*Asks:* 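First, the structure itself, so that you have it in front of you.
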Amino acid sequence: MSETALKAPGAAAPSGDANRWKALVFIALAQLMVVLDATIVNIALPSAQVDLGISDGNRQWVVTAYALAFGGLLLFGGRIADLWGRKRAFVLGLAGFAAASALGGAATTGAMMFGARALQGVFGALLAPAALSLLAVMFTDAKERAKAFGIYGAIAGGGGAVGLILGGFLTEYLDWRWTFFVNVPFAVVAAAGAYFVVREPEGGRNRSPLDVPGVILSTLGLVSLVYGFTRAESDGWGDAVTVSMFVASGVLLLAFALVESRVKAPLLPLRVVTDRNRGGIYLSLGLAIIGMFGLFLFLTYYLQVVKGYSPVKTGFAFLPMVVGMITGSTQIGTRLMTRVPARFLMGPGFLVAALGMLLLTQLETDSSYGALLLPAMVLLGLGMGTAFMPAMSLATQGVEPRDAGVASAMVNTSQQVGGAIGTALLNTIAASATTSYIKDHIAGATAKPQAELVKLQGMVHGYTSAIWFAVGILALASLIAFTFVNAGRPGSTTVASGEGVEDELPVPVVAH
């Protein structure tokens with residue numbers, strides 16, 4: 001037993017790098033840039049489409065090009081971070097993301113815009129897992145880890161809503177191009193700060209040869225999956241290309257799993273995903289994101305089209321959700337994470353979010369923001385923030401340092417795939433319900449104002465129909481968290497450090 005194993009409860013854990021809290025600032029800044037970029041462009045899309053002459057049929061590629069590159073290359077990016085070193089991958093990812101953002105802001109044609117978005121996705125896939133795995137290897141003490149991941153979880157959950165606010169401001173008062181240019185100062189500050197203050201622990205790299213078949217199969221499989229859901233939204237679930245994408249994805253990912261079980265140095269060691277706790281977290285996080293992404297989309301359209309809010313006012317309308325997420329993550333989650341098992345934060349957190357979603361099933365064309373949307377958003381934010389925080393931490397806790405990059409990449413992959421599924425699935429449900437409602441009610445609307453009202457009512461009916469599914473999905477995420485995630489509170493377990501040994505936390509444990 002080591003000397004540190006005999007520490008009294010509450011004693012300070014082994015100190016990591018003295019600059020780790022400064023490093024957290026720059027890691028969090030980079031994470032905020034990546035997360036808000038997912039929604040900031042949505043607000044600017046109508047203006048960019050007009051300026052660049054992008055057709056209605058092609059405009060989806062502004063979002064899809066990014067999603068395909070980011071979702072498809074995340075596992076590869078995580079493995080590169082383990083191979084090259086997380087700090088190097090992090091700084092390179094930031095530099096590339098800044099350059100791609102500048103290219104997008106300067107775009108003069110649709111093709112140039114699509115290329116810039118794909119490049120953003122490529123470098124985002126390198127940056128995101130590097131950021132999370134840096135946290136995993138730099139913060140090993142239970143209480144410090146809780147605080148660090150509380151901040152990270154709040155940003156991961158609330159960054160999308162912040163993107164709506166910032167996107168509204170930039171589009172309305174400056175120009176859509178600034179939704180891209182704004183990433184450049186973010187990236188420069190984060191890269192410079194990281195270069196000088198991040199000190200990655202020694203001995204945590206995975207220098208095994210790169211699993212090329214695994215890279216090819218996982219990338220093609222994930223790209224096929226994400227594109228299948230994206231295409232389903234625009235062309236329908238029965239479309240021949242949509243179906244072929246899903247079939248190809250299933251075959252490729254099955255082949256990937258078989259390859260990974262047999263090669264000596266796999267891209268994704270199966271021990272990372274077959275661990276009961278990590279598997280439960282990846283699955284429950286992915287499900288929760290399905291509900292969240294659909295909600296952002298529906299509420300944005302509801303507030304702007306039905307309620308007539310401006311882009312800026314719409315962004316501010318999401319602020320209570322952001323505040324709720326920050327509170328749930330940095331106050332509730334951080335304070336309780338070292339006292340109770342993760343499932344008692346994740347399970348109830350997803351249920352509280354489901355309750356907020358349940359309130360939104362009562363949406364009507366004349367619903368009051370203060371009486372209905374405000375409490376629903378607060379509950380959603382509190383629930384998601386409380387659940388995200390321990391999930392982010394536990395997903396990388398106890399993992400071998402050489403696997404930190406791919407374990408972190410799997411967190412991002414579950415979120416990215418969940419976002420693609422949520423957007424496509426819930427949009428399809430909403431569109432179908434809207435069409436049926438209008439078909440059933442439009443005959444009785446003889447005057448034009450009545451017909452317009454029926455269309456708005458049909459739109460809201462479609463949203464509430466889809467939100468009912470989101471309620472069920474969040475309830476399922478809660479059930480999975482309660483069932484699969486059985487780890488004790490972090491203070492009662494060991495956490496892998498960057499040295500390749502386990503640092504003892506502030507309770508007596510036996511060093512291995």
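All of these numbers come straight from a predicted model, not from anything done at the bench.
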*Asks:* Could you list the donor-acceptor pairs under 3.5 angstrom formed by side chains in residues 116-130, with sequence neighbours left out?
*Replies:*
from   : atom 1 : to     : atom 2 : distance (Å)
Arg117 : NE     : Val62  : O      : 2.7
Arg117 : NH1    : Asp37  : OD2    : 2.9
Arg117 : NH1    : Gln120 : OE1    : 2.9
Gln120 : NE2    : Ser101 : OG     : 2.8

*Asks:* Is there a donor-acceptor pair under 3.5 Å between the side chain of Glu260 and the backbone N or O of Leu267?
*Replies:* yes
*Asks:* Please tell me whether Phe229 and Phe246 form a close aromatic pair, meaning their ring centres lie under 6.0 Å apart.
*Replies:* yes
*Asks:* Rounded to the nearest 0.5 Å, what separation is found between the CH2 atom of Trp178 and the CG atom of Leu170?
*Replies:* 8.5 Å
*Asks:* Can you pull out every side-chain hydrogen bond (donor to acceptor under 3.5 Å, both in side chains) where at least one residue sits in residues 216-227? Sequence neighbours excluded, please.
*Replies:* Tyr227-Arg231
*Asks:* Does Phe484 have more than 12 heavy atoms from other residues, nucleotides or ligands lying within 6.0 Å of its CZ?
*Replies:* no
*Asks:* Check whether any side-chain heavy atom of Met112 sits under 4.5 Å from a side-chain heavy atom of Leu103, and report yes or no.
*Replies:* yes
*Asks:* For a quick test of reading the model, state the closest non-hydrogen atom pair linking Ala194 to Val91 and the distance between them.
*Replies:* CB-CG2, 4.3 Å
*Asks:* Determine the minimum heavy-atom distance between Ser261 and Leu270, stating which atoms define it.
*Replies:* CB-CD1, 3.6 Å
*Asks:* Any non-hydrogen side-chain atom of Phe298 less than 4.5 Å from a side-chain atom of Asn427?
*Replies:* yes
*Asks:* To check you understand the geometry: which heavy-atom pair defines the closest contact between Leu29 and Val189, and what is its length?
*Replies:* CD2-CG1, 3.8 Å
*Asks:* For residues Thr428 and Ala232, report the shortest heavy-atom separation together with the two atoms involved.
*Replies:* OG1-O, 4.1 Å
*Asks:* Are Val34 and Phe70 close enough, and set up right, to give a side-chain contact (heavy atoms from CB on, under 4.5 Å), and what steps lead you there?
*Replies:* CA-CA 10 Å; Val34 172; Phe70 188 67; 4.2 Å; yes
*Asks:* Do any N or O atoms from the side chain of Ser249 and from the backbone of Met245 form a donor-acceptor pair under 3.5 angstrom?
*Replies:* no
*Asks:* Check the angle between the aromatic planes of Phe180 and Trp176 and answer parallel, tilted or perpendicular using the 30° and 60° thresholds.
*Replies:* perpendicular
*Asks:* Identify the two heavy atoms, one from Leu299 and one from Met377, that lie closest to each other, and give their separation to 0.1 Å.
*Replies:* CD1-CE, 3.5 Å
*Asks:* Can you list every salt bridge (charged side-chain N to carboxylate O under 4.0 Å, His left out) pair that touches residues 93-102, not counting sequence neighbours?
*Replies:* none
*Asks:* Partners of Asp275 by side-chain hydrogen bond (donor to acceptor under 3.5 Å, both in side chains), sequence neighbours excluded?
*Replies:* none
*Asks:* Which residues pass the side-chain hydrogen bond (donor to acceptor under 3.5 Å, both in side chains) test with Ser414, not counting sequence neighbours?
*Replies:* none
*Asks:* If you take all heavy atoms of Lys87 and Tyr195, which pair is closest and at what distance?
*Replies:* NZ-O, 2.8 Å
*Asks:* Please confirm whether the backbone N or O of Ala107 pairs with a side-chain atom of Arg177, one donor and one acceptor, at under 3.5 Å?
*Replies:* yes
*Asks:* Does any N or O in the side chain of Arg86 come within less than 3.5 Å of the main-chain N or O of Leu134, such that one atom is a donor and the other an acceptor?
*Replies:* no
*Asks:* List the atom pairs, with distances to 0.1 Å, where a side-chain N or O of residues 282-293 and a protein N or O form a donor-acceptor pair under 3.5 Å, not counting sequence neighbours.
*Replies:*
from   : atom 1 : to     : atom 2 : distance (Å)
Tyr282 : OH     : Ala407 : O      : 3.1
Ser284 : OG     : Gly280 : O      : 2.9
Ser284 : OG     : Ile281 : O      : 3.3

